[in-house]
**Q** 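Below are the structure tokens for one structure; questions will follow.
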Protein chains: 2
Amino acid sequence: MRPSSVTLTPQELELMKIVWHKGEATVRDVYETLLERRKIAYTTVMTMMRVLEKKGHVKTRRESRAFVYRPTRPERQVVRSMVREFIDRVFNGSAQPLLVHLVEDRRLSPQELEELERLIREAE
Amino acid sequence: MRPSSVTLTPQELELMKIVWHKGEATVRDVYETLLERRKIAYTTVMTMMRVLEKKGHVKTRRESRAFVYRPTRPERQVVRSMVREFIDRVFNGSAQPLLVHLVEDRRLSPQELEELERLIREAE
DNA sequence: TCTCATATACTAATAACTTAGTACTGCTGA
DNA sequence: TCAGCAGTACTAAGTTATTAGTATATGAGA
């Protein structure tokens, strides 16, 4: 059984970030974290957690009455897939134009540029 | 009237790339370019071109019988918005983690790394 | 034990995306 | 002139995403 697509929709990603951050979480945990940011119904979170499970992004175990959800894949791995998918889609698979955009768009502080330079020298 | 969102769906982007590349294009132009890659109906392309127009991504002018579509915004500008949106969504607005991903993921050739180093030095 | 809070199960509605079919129109060449 | 082709207009259907309501189950405290 092939692992389902690793790409997450925007809302799915928002929930997954919470689960990754907490390590594992119940619907209530996620619900309460989300509530700090925006109005959302408990059952909405539940539905989405179930979707995430159906898609294989989380696994559950029962703990007394509630389900505890934990990620099936580490955040780094999923984010990496999303970056790849984005580069394929927008830049036809070539990462370089993206970097040019980033550097030119001045989205990086001098510190970040320096840090990046160091990384490049290590990779070379 | 606020300009509608600049973000494109995957299919919309695919069509827009063709229009950008050609400068301007009719439904037939786009249809034939797409056909080289995959099976698609002429009317499907038409519907999508109309969607792109409704969303403000292209403008049309009538040329004899057919509509000619041309982009309302240059590719660079739209791509830049998409990069920003992606960084906001996936990396909470910080570009640096994305770069670390790219460099570590070895998606760049030595030449590209060098080129990038030069860009950084210019930006600093 | 019985009630209430909390949890899940089931259902559903709306919107956006993607794809495409059918009907209609109007040039254009025979 | 008129048939046919190339084009648009209108319609629609399937899928996924997003949000949430109602019904039901269950455990814990009074």
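Predicted model, so just to flag it, every value in this text is computed and none were measured.
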**Q** Under 4.0 Å, counting only non-hydrogen atoms across every strand here, what does Arg28(A) touch: a base, just sugar-phosphate, or nothing?
**A** sugar-phosphate
**Q** Would you mind reading off the distance between Leu52(B) atom CG and dT18(C) atom P, rounded to a whole angstrom?
**A** 10 Å
**Q** Which distance, rounded to the nearest 0.5 Å, do you find between the CG of Leu8(A) and the CD of Gln11(A)?
**A** 11.5 Å
**Q** Could you pull out all residues at least two apart from Arg80(B) that satisfy side chain to side chain contact (heavy atoms under 4.5 Å, CB included)?
**A** His101(A), Glu104(A), Asp105(A), Arg76(B), Arg84(B)
**Q** Please tell me which of Met46(B) and Val51(B) maps to the more 5' nucleotide of DNA chain C, matching each residue to the nucleotide holding its nearest heavy atom.
**A** Val51(B)
**Q** Whole-Å distance between dT18(D) C1' and Met16(A) CE?
**A** 18 Å
**Q** Heavy-atom contacts under 4.0 Å between residues 83-91 of chain A and DNA chain C, which residues?
**A** none
**Q** Is there a side-chain contact between Met49(A) and Leu52(A) in this structure, where contact means two heavy atoms from C-beta onward sitting under 4.5 Å apart?
**A** yes
**Q** When you check the phosphate oxygens OP1 and OP2 of dC17(C), does a side-chain N or O of Lys54(B) lie under 4.0 Å from one of them?
**A** no
**Q** Given side chains that start at C-beta, do those of Leu108(A) and Ile120(B) come closer than 4.5 Å, heavy atoms only?
**A** no
**Q** Once you round it to whole Å, what is the distance between P of dG21(C) and CZ of Arg50(B)?
**A** 16 Å
**Q** What's Thr26(B) touching, base or sugar-phosphate or nothing? Going by heavy atoms closer than 4.0 Å.
**A** nothing
**Q** Once you round it to whole Å, what is the distance between C1' of dT18(C) and OH of Tyr31(B)?
**A** 17 Å
**Q** What is the distance from CD of Glu53(A) to P of dA7(C), rounded to the nearest Å?
**A** 17 Å
**Q** Under 4.0 Å between a side-chain N/O of Tyr42(B) and OP1 or OP2 of dT8(D), yes or no?
**A** yes
**Q** Tell me whether the OP1 or OP2 atom of dT19(C) has a side-chain N or O from Arg38(B) closer than 4.0 Å.
**A** yes
**Q** Starting from P on dA9(C), measure out to CE on Met48(A) and report it in whole angstrom.
**A** 17 Å
**Q** Using a 6.0 Å distance limit plus a 45 degree cone around the ring axis, check whether Arg61(B) lies over the aromatic ring of Phe67(B).
**A** no
**Q** Among dG21(D), dC10(C), dA17(D), which is the nearest nucleotide to the side chain of Lys55(A)?
**A** dA17(D)
**Q** Quick one: which of dA9(C), dA5(C), dG26(C) gets closest to the side chain of Thr43(A)?
**A** dA9(C)
**Q** Please tell me if Ser64(B) has a side-chain N or O lying less than 4.0 Å from either OP1 or OP2 of dC27(C).
**A** no
**Q** From the set dT18(C), dC17(C), dG7(D), return the single nucleotide nearest to any side-chain atom of Gln11(B).
**A** dT18(C)
**Q** Lys39(B) side chain N/O closer than 4.0 Å to the phosphate oxygens (OP1, OP2) of dT18(C)?
**A** no
**Q** In whole angstrom, what separates Arg65(B)'s CZ from dT28(C)'s P?
**A** 6 Å
**Q** Of the listed nucleotides (dT6(C), dT8(D), dT8(C)), which one gets closest to any side-chain atom of Phe67(A)?
**A** dT8(C)
**Q** Output the distance between atom CG (Leu99(B)) and atom CG (Leu116(B)), rounded to the nearest 0.5 Å.
**A** 7.5 Å
**Q** Do Val78(A) and Met16(A) come close enough that some side-chain heavy atom pair is under 4.5 Å?
**A** no
**Q** Rounding to an integer number of Å, can you tell me how far Leu13(B) CG sits from dC17(C) C1'?
**A** 15 Å
**Q** Describe the nucleic acid contact of Thr9(B) in one word from base, sugar-phosphate, nothing, applying a heavy-atom distance below 4.0 Å.
**A** sugar-phosphate
**Q** Is there a side-chain polar atom (N or O) of Thr44(B) under 4.0 Å from OP1 or OP2 of dT19(C)?
**A** no
**Q** Considering only NZ, NE, NH1 and NH2 on the basic side and carboxylate oxygens on the acidic side, decide whether Arg28(A) and Glu32(A) come within less than 4.0 Å.
**A** yes
